[in-house]
Amino acid sequence: MPPSRQDEPVRHAERRPSPIAGNGLFATRAVAAGAPVAVLPRPLVAVLDGGRLEDTCANCFGWTADEDFGPRAGGGGGEVGEVKACAGCRVYRYCGKKCQSEAWKRSHKYECAAIKLDPRRGTPLPNLARAGIQLLLLRLNGRIADAQWSAIMALPSYMDLVLKPGDHLAPLHDRLEPLMALDPSIRDTFDQVKLVGASILRFAGGVTPAAAALAPALGVELAGRLFLNSLTLTSPPLDPLGLVFDPFLAAANHSCAPTAFVALDGPAAHLRAARPLPPGAELTLAYADPSEPRHRRRALLLRRYHFLCACSRCAAAAAAGPADPADAWRVPPAAMPPAAAADADALLAARRPAAAAAAEWAVFGPDLRAAVAGPDADDRALRRALALETEAYARVDAARGAARSDDADDDDDALAVLRGAVALCERAGLWARTRQPVPAAEQEMVTREIGRGAFGAALVRAVRLFWRVEPVLHAGCEFHPVRVVGGWRVVKLAVYLAGEEGGGDEVARFEGKGVDFGVLAAGVLEWVVRMCGRSHGEGSRFAVRVGEKAVEMCGGGVGVEEARVMLGKVPGVEGLEGMLDRIADIEV
C-alpha cells in the first residue's frame with residue numbers, strides 16, 4: 001500500500017517532568033485544535049493481534065476487504081487485495097513485495113527465525129510476546145540506540161507496580177483489595193506477564209546467543225513495560241488491529257479530559273491536539289474510555305495502572321455532583337420505580353459469592369455517592385442502581401464476546417442479549433441514551449444489524465449515535481475520531497440504502513418519514529469532509545477515501561473542496577437536522 005501524504009515526521013513536543021506523574025509530554029509551541037503535535041511515521045514496535053494476522057498486512061496494516069458491506073469493508077482507505085504469508089515463519093503476511101521487503105529490512109529478518117521456533121501451529125504467540133521479541137532483537141542487533149533504550153527502561157513497569165508498590169498504594173488499599181476480590185484475573189495478569197517475559201527470552205535466545213545470556217529478569221521487565229505503556233493499534237475507521245509501542249508516545253500522562261489523542265494512519269502514529277494548546281501545555285491521553293462514568297473509569301485505571309485518577313475532570317465530578325454527562329442519571333436512583341427496585345434486589349440476592357456485592361460496593365460506592373448530591377445520595381438506592389448497571393454491562397460484554405460469523409442466527413442471538421441490556425436500563429428509568437452502557441450496546445447493535453442484513457435498523461442506530469449520543473460523549477471536540485467515523489458510517493449506510501433496487505418495506509418506512517437517502521448522505525458527508533482533516537489528518541488514508549467518495553457523489557471532475565461545497569448545496573440539505581431527528585425517532 002502506498003504511504004499517505006502526511007507521513008513526514010513532526011515533533012512539536014518534548015519530554016520533561018510533569019506535575020501529574022513522572023515525565024510527561026509538553027507542547028513546544030502553540031498548536032491549533034486538530035493539528036498534529038507529533039507525527040511518528042512508524043512507531044518503534046507495532047504487531048497485530050492473533051485474529052488479524054490472516055487478513056492484515058503486517059507492514060502497512062492494510063486489510064483484505066472480503067465483504068460487500070460491513071464495519072471494515074470500504075471503511076477508511078486501508079484495504080488491500082490479498083495478503084500472503086512469509087515463507088519463513090508462516091505467521092506474518094504482507095500485501096506485496098514492497099511491504100515484505102520493508103518489514104524484512106526493518107525488523108523481520110531478526111524475528112522471523114525466532115517466531116518459527118514456536119511449536120504450536122495455528123496458535124500464534126500473544127501480541128505482547130511478539131512485540132517483546134521484536135523489541136529485544138532490534139536492540140541486540142544495534143537497531144535501538146542507547147538513548148532510546150534508556151528511555152524505554154526508564155518507563156514504569158507493571159511488574160514494578162506489583163512487586164515494588166511503595167507508599168503510593170497504601171491509600172488505595174480500601175479499593176484495591178476489594179477490586180481484586182471482585183476480579184481475580186487481576187492476580188492472574190501478574191503471572192501472565194511473567195510467562196510472556198520468559199517467552200521473550202526463550203524465543204529470542206533461540207536465534208541470538210546474546211539473548212540467551214541475558215538475565216531472566218530482563219524479559220519480564222520488557223513484558224511489564226510493554227503491557228503498561230502500549231497503545232491499541234487501530235485501522236483508520238477505529239477497528240482494533242493490535243499493539244503499538246513507542247517510548248515517546250508512552251511518556252504522555254493520563255487525563256479523563258485529554259488534551260490530545262492518537263490517530264493511526266497505517267503504520268504512522270499522529271498525536272493530535274484535542275483543543276487549542278498554548279506553548280508549554282501538557283499533552284495528555286485518555287487511558288480509559290472517557291465516555292464511561294467516573295466510578296467505572298477510576299476502577300479500570302486502578303485495575304490496570306494501580307492509581308486512582310485525580311485529573312481535573314474527576315475532581316470536578318466529585319465536587320459538583322452529576323454535572324458531568326457521563327455521570328448524570330436521568331432521574332436520581334432514589335426515584336427508581338418499584339418494579340426496577342425489585343429487579344435490583346433480586347440481582348443482589350442472587351450474587352455469588354455473597355461477598356461479591358460488598359466488594360463491588362467497596363470499589364464503586366464512594367465514587368457513585370460523590371456523583372449524586374444531597375438527599376439523593378441514598379446508599380440503598382445507589383446499591384440497586386449499581387446492581388442493574390453491573391448486569392447491563394455483563395450482558396453487553398457477553399454480546400461483544402459472542403461469535404461473529406456468516407450465520408445470521410449468531411447476530412440475532414447477540415441482538416437479543418443487547419436489547420435485554422438496554423431494556424433493563426430503560427425499565428429502571430435512570431439511564432439516558434448517553435449514559436453507558438447504553439451507547440456501547442447501540443454501537444454493537446449497529447454491527448449486528450449489518451451482519452444480519454438489516455441495514456435500515458443499522459442506519460437508525462447509527463444516526464442516534466452520530467446525532468444525539470456522540471456529541472454529548474465527546475463534547476468540546478467536534479472532530480473527535482469517534483464522531484467523524486460515526487458520521488462516515490451513516491454516509492455508507494445511506495449510500496447503500498439509496499442504491500437498493502426496488503426499495504422494499506424497509507426503505508418505504510424511511511420514505512414515509514420524509515427521508516431522502518441521497519440528501520442524507522450528501523449532508524453528512526459534507527460535514528465528514530470538513531472534520532476528517534483534523535480527526536485523521538489532511539492526506540491521511542481516511543481523508544483520501546472520504547474525499548474520493550465526495551468527488552464520486554458529485555460526478556467527478558472536481559477537487560475535494562469543490563465537491564464539499566457542492567454537497568452543501570444539494571437541494572434539501574438545508575433540512576438535514578430535521579431529517580436526522582426523524583430517523584433517530586424511528587423505533588427499531
Side chain to side chain, Leu271 and Phe261, heavy atoms closer than 4.5 Å: no

Qualifying residues under side chain to side chain donor-acceptor pair (under 3.5 Å), relative to Arg530, sequence neighbours excluded: Glu526

Full working for side chain to side chain contact (heavy atoms under 4.5 Å, CB included) between Ile450 and Leu493: CA-CA 9 Å; Ile450 291 170; Leu493 286 162; 4.3 Å; yes

pair Ser255-Arg313: side-chain heavy atoms closer than 4.5 Å: no

Residue pairs fulfilling salt bridge (Lys or Arg N to Asp or Glu O under 4.0 Å) with at least one residue in residues 356-365, sequence neighbours excluded: Arg351-Glu360

Minimum heavy-atom distance Ala522-Val570, with the two atoms named: CB-CG2, 3.9 Å

Residue pair Val193, Thr189: steps toward the side chain to side chain contact (heavy atoms under 4.5 Å, CB included) verdict: CA-CA 6 Å; Val193 173; Thr189 301; 4.2 Å; yes

Mutual orientation of the aromatic rings belonging to His306 and Tyr158 [parallel < 30°, tilted 30-60°, perpendicular > 60°]: perpendicular

Phe364 and Leu382, any side-chain heavy atoms less than 4.5 Å apart: no

Contacts of type side chain to side chain contact (heavy atoms under 4.5 Å, CB included), residue Ser312, not counting sequence neighbours: none

Flag, side chain of His536 to backbone of Pro236, donor-acceptor distance under 3.5 Å: yes

Interatomic spacing from CG in Leu243 to CG in Asn127 - rounded to 0.5 Å: 5.0 Å

From CA spacing to verdict: side chain to side chain contact (heavy atoms under 4.5 Å, CB included), Phe542, Val484: CA-CA 10 Å; Phe542 183 82; Val484 177; 3.8 Å; yes

For Arg296, side chain to side chain donor-acceptor pair (under 3.5 Å) partners two or more places apart: Glu389, Thr390

Set of residues satisfying side chain to side chain contact (heavy atoms under 4.5 Å, CB included) with respect to Val515, sequence neighbours excluded: Phe510, Lys513, Phe517, Met579, Ile583

Check: Arg452 and Leu415 side chains under 4.5 Å, non-hydrogen atoms: yes

Main-chain N/O of Pro156 paired with Asn229 side-chain donor or acceptor, under 3.5 Å: yes

Derivation and outcome, salt bridge (charged side-chain N to carboxylate O under 4.0 Å, His left out), residues Arg419 and Glu449: CA-CA 12 Å; Arg419 290 191 186 105; Glu449 298 282 21; 3.7 Å; yes

Euclidean distance, Leu53 CG relative to Leu241 CG, rounded to 0.5 Å: 10.5 Å

Glu282 and Thr259, any side-chain heavy atoms less than 4.5 Å apart: no

Note, Val469 side chain near Pro439 side chain (heavy atom, < 4.5 Å): yes

Residues that Arg297 engages under side chain to side chain donor-acceptor pair (under 3.5 Å), provided they are two or more places apart: none

ring-ring contact (aromatic ring centres under 6.0 Å, His included) partners for Phe245, two or more places apart: none

pair Leu300-Glu292: side-chain heavy atoms closer than 4.5 Å: no

Exercise: identify the closest heavy-atom pair between Leu249 and Ala269: CD1-CB, 3.9 Å

Arg448 side chain vs Ala399 backbone, donor-acceptor pair below 3.5 Å: yes

Short side-chain to backbone donor-acceptor contact, Thr284 and Asn253, under 3.5 Å: no

Taking every non-hydrogen atom, the tightest pair across Leu348 and Ala357: CD2-CB, 4.1 Å

Lys/Arg N to Asp/Glu carboxylate O, Asp585 vs Arg468, below 4.0 Å: yes

Residues that Ala394 engages under side chain to side chain contact (heavy atoms under 4.5 Å, CB included), provided they are two or more places apart: none

Gln443: partners by side chain to side chain donor-acceptor pair (under 3.5 Å), with sequence neighbours left out: Glu470, Arg489

Parallel, tilted or perpendicular, as decided by the 30° and 60° cut-offs, for the rings of Phe455 and Tyr496: tilted

Salt-bridge criterion met for Asp327 and Arg294 (N-O under 4.0 Å): no

Residues forming a side chain to side chain contact (heavy atoms under 4.5 Å, CB included) with Glu391, sequence neighbours excluded: Leu347, Arg395, Leu424

Arg541 CZ to Ser235 OG distance, which is reported to the nearest 0.5 Å: 11.5 Å

For the student: nearest non-hydrogen atoms of Ala326 and Ser291, plus distance: CB-O, 3.8 Å

Side-chain donor/acceptor pairs under 3.5 Å, residues 330-338, sequence neighbours excluded:
none

Listing, residues 473-480 side-chain donor-acceptor contacts under 3.5 Å, not counting sequence neighbours, or none:
| unit_1 | atom_1 | unit_2 | atom_2 | d |
| --- | --- | --- | --- | --- |
| Glu478 | OE2 | Trp527 | NE1 | 3.0 |
| His480 | ND1 | Val482 | N | 3.1 |

Euclidean distance, Leu459 CG relative to Phe466 CZ, rounded to 0.5 Å: 11.5 Å

Asp49 side-chain N/O to Gly51 backbone N/O, donor-acceptor pair under 3.5 Å: no

Any donor-acceptor N/O pair, Arg272 side chain to Ala263 backbone, under 3.5 Å: no

Considering all heavy atoms, the nearest Ala441-Val422 contact: CB-CG2, 3.7 Å

Side-chain donor or acceptor of Arg461 paired with backbone N/O of Glu442 under 3.5 Å: no

Validation row: Met445, Val460 side chains within 4.5 angstrom (heavy atoms): no

Distance in Å, Tyr287 OH paired with Leu301 CG, rounded so as to fall on 0.5 Å steps: 9.5 Å

Over all atoms of both residues, closest heavy-atom pair of Gly523 and Val573: CA-CG2, 3.4 Å

Rounded distance [0.5 Å steps], OG1 in Thr234 versus CG in Asp265: 10.0 Å

Test log, rule side chain to side chain contact (heavy atoms under 4.5 Å, CB included), inputs Leu520 and Leu576: CA-CA 7 Å; Leu520 174 64; Leu576 178 65; 4.0 Å; yes

